[in-house]
Protein chains: 2
Amino acid sequence: MLQAGADIDKSETLTERQQAVLDAALRLLVEEGDNLTMTAVARRASCSKETLYKWFGDRDGLLTATVQWQASKVRVTPVDRKGLDLASLTASLERFASDWLKVISSDTSIALNRVAVGHAGSGKDDLGAIVLQNGRFALARRLKPVLEAGRQAELLDFEDAETAFRTFFGLVGRDVQIRLLLGDRVELTEATIGGDARRATQQFLALFGANNRP
Amino acid sequence: MLQAGADIDKSETLTERQQAVLDAALRLLVEEGDNLTMTAVARRASCSKETLYKWFGDRDGLLTATVQWQASKVRVTPVDRKGLDLASLTASLERFASDWLKVISSDTSIALNRVAVGHAGSGKDDLGAIVLQNGRFALARRLKPVLEAGRQAELLDFEDAETAFRTFFGLVGRDVQIRLLLGDRVELTEATIGGDARRATQQFLALFGANNRP
DNA sequence: GCACGGGCGTACCGTACGTTACGGTTCGGC
DNA sequence: GCCGAACCGTAACGTACGGTACGCCCGTGC
């Protein structure tokens, strides 16, 4: 499977300047995709290529460092399991859905997923694993406690939290991510995201709500 | 949006030899990913590079021709709308789901989607549009008549066929495609595919079955 | 004041690969 | 049997880019 430890906090081992360089690389990655050159990164970051190679080894090292840097930026806000009723559970789920949709439709997420998918073919680096670890799996880690709490409060009814999560994932994302990755212009305004989040949550509750099972 | 006409039948305008060359290119694409070289294709297809350039213009031309060639291979078998009852509708949906899962987990689909995603960033060609047109949109074109027939037979209840389809799409695919594209080893045996197809169909019927609405 | 190390800018090297050019071979038409 | 066209194999060219080396500046410690 995927190797663990791909989501270490990088902000400690990286100096301020290095973070700035990685930010520049990230911006360039969003603009240019995988065909960004080391010279371009150096120019954008106002540093020398030699420094890039000294700090990150080679091109792949720079890329993985950039992806990990972006990954380390999103911090998890834990959810409180106190006083869970249907309203707060619904709100939580909608919140997760809307956050997730916002993430996968963001420019940086699309760019990062694009390069990771491209690199996943030739297994030179673990970009795919890193992105997966900080995307889909991070979401699962955050959402599963909520689902478990919902089950404990007898609001939800499911056997396996993993499959329940995957269903929620499918109901929220549907075809959005693959369409975006393939370059389709999906209209995702704030309003449609909110609507989709509500719809997905309602469908999920219809499938896994405790009162809906005979 | 996506430009139409991306799914023309290529088998008429291509000679036998050219099809063989494209098949070789396709195999190579599956093995090597996007970093296949013109020399490699020529060697594998036992043809000269000059011929490649004469026939397909340049590297991008060869790539798009290859993708279109693979796309033209899958032919649509229309579904009969006669005598639709719940059993046959369920069977149809399960069939669609299982076919779809088989497709997106196949080596060639993964490879094709990978290169298309990679190229979608820099808009040099329309690989993304082609893949989307013959993947997700082709599935919608094939499935929507079934959904409409189900509604006409009062087995299904939905307002918009598009949103109903997208829900089905999400229930079937869930996180499978993105995980595969990112290099995660998802275990997809014949059995799990069948199980997933059944589960997705049941969930879809639970959400959109006519008898489930009060 | 001065050595010095880290880092910037740039010139440079090697190579991989897209693209083109060319000689040799097969094959259909006369 | 001959001609030309299509095609194969390969050599050659140009370029883009990853990676390295070198000269210079500038801040810090003595």
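Residue numbering restarts at 1 for every chain, and letters A, B, ... go by the order of the sequence lines. Predicted model only: the values in this text are computed from it and were never measured.
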How long is the line joining [atom1] of [X] and [atom2] of [N], in whole Å?
{"X": "Leu52(B)", "N": "dC17(C)", "atom1": "CG", "atom2": "P", "value": "15 Å"}
{"X": "Glu50(B)", "N": "dA11(D)", "atom1": "CD", "atom2": "P", "value": "15 Å"}
{"X": "Arg59(A)", "N": "dC17(D)", "atom1": "CZ", "atom2": "C1'", "value": "9 Å"}
{"X": "Leu63(A)", "N": "dC17(D)", "atom1": "CG", "atom2": "C1'", "value": "14 Å"}
{"X": "Tyr53(A)", "N": "dG9(C)", "atom1": "OH", "atom2": "C1'", "value": "15 Å"}

**Q.** Under 3.5 Å: donor-acceptor pair, side chain of Ser109(B), backbone of Ser105(B)
**A.** no
Is the backbone N or O of Glu159(A) less than 3.5 Å from a side-chain atom of Arg151(A), with the two atoms forming a donor-acceptor pair by type?
yes
Between the side-chain atoms of Lys49(B) and the base atoms of dT19(C), is any donor-acceptor pair under 3.5 Å?
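By the distance-only test, yes, there is a pair.
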Any side-chain N or O of [X] under 4.0 Å from OP1/OP2 of [N]?
{"X": "Arg17(B)", "N": "dC8(D)", "answer": "yes"}
{"X": "Trp55(B)", "N": "dC7(D)", "answer": "yes"}
{"X": "Thr51(B)", "N": "dC8(D)", "answer": "yes"}

| said: Among residues 37-45 of chain B, which ones have heavy-atom contacts with DNA chain C below 4.0 Å? | reply: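 Close to the strand are Thr37(B), Met38(B).
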Trp100(B) and Phe169(B) aromatic ring geometry - parallel, tilted or perpendicular at 30°/60° bounds:
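Ring orientation, 0 to 90° scale: tilted.
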(Q) Leu93(A) vs Leu143(A), test: side-chain contact (heavy atoms from CB on, under 4.5 Å). Steps then yes/no. (A) CA-CA 8 Å; Leu93(A) 293 179; Leu143(A) 190 54; 4.0 Å; yes
- Which distance, rounded to the nearest 0.5 Å, do you find between the CG of Asn134(B) and the CZ of Arg141(B)?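 CZ of Arg141(B) is found 7.0 Å from CG of Asn134(B).
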Summary of salt bridge (charged side-chain N to carboxylate O under 4.0 Å, His left out) pairs that have at least one residue in residues 99-111 of chain B, sequence neighbours excluded: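 Sorted pair list: Arg95(B)-Asp99(B), Lys102(B)-Glu190(B).
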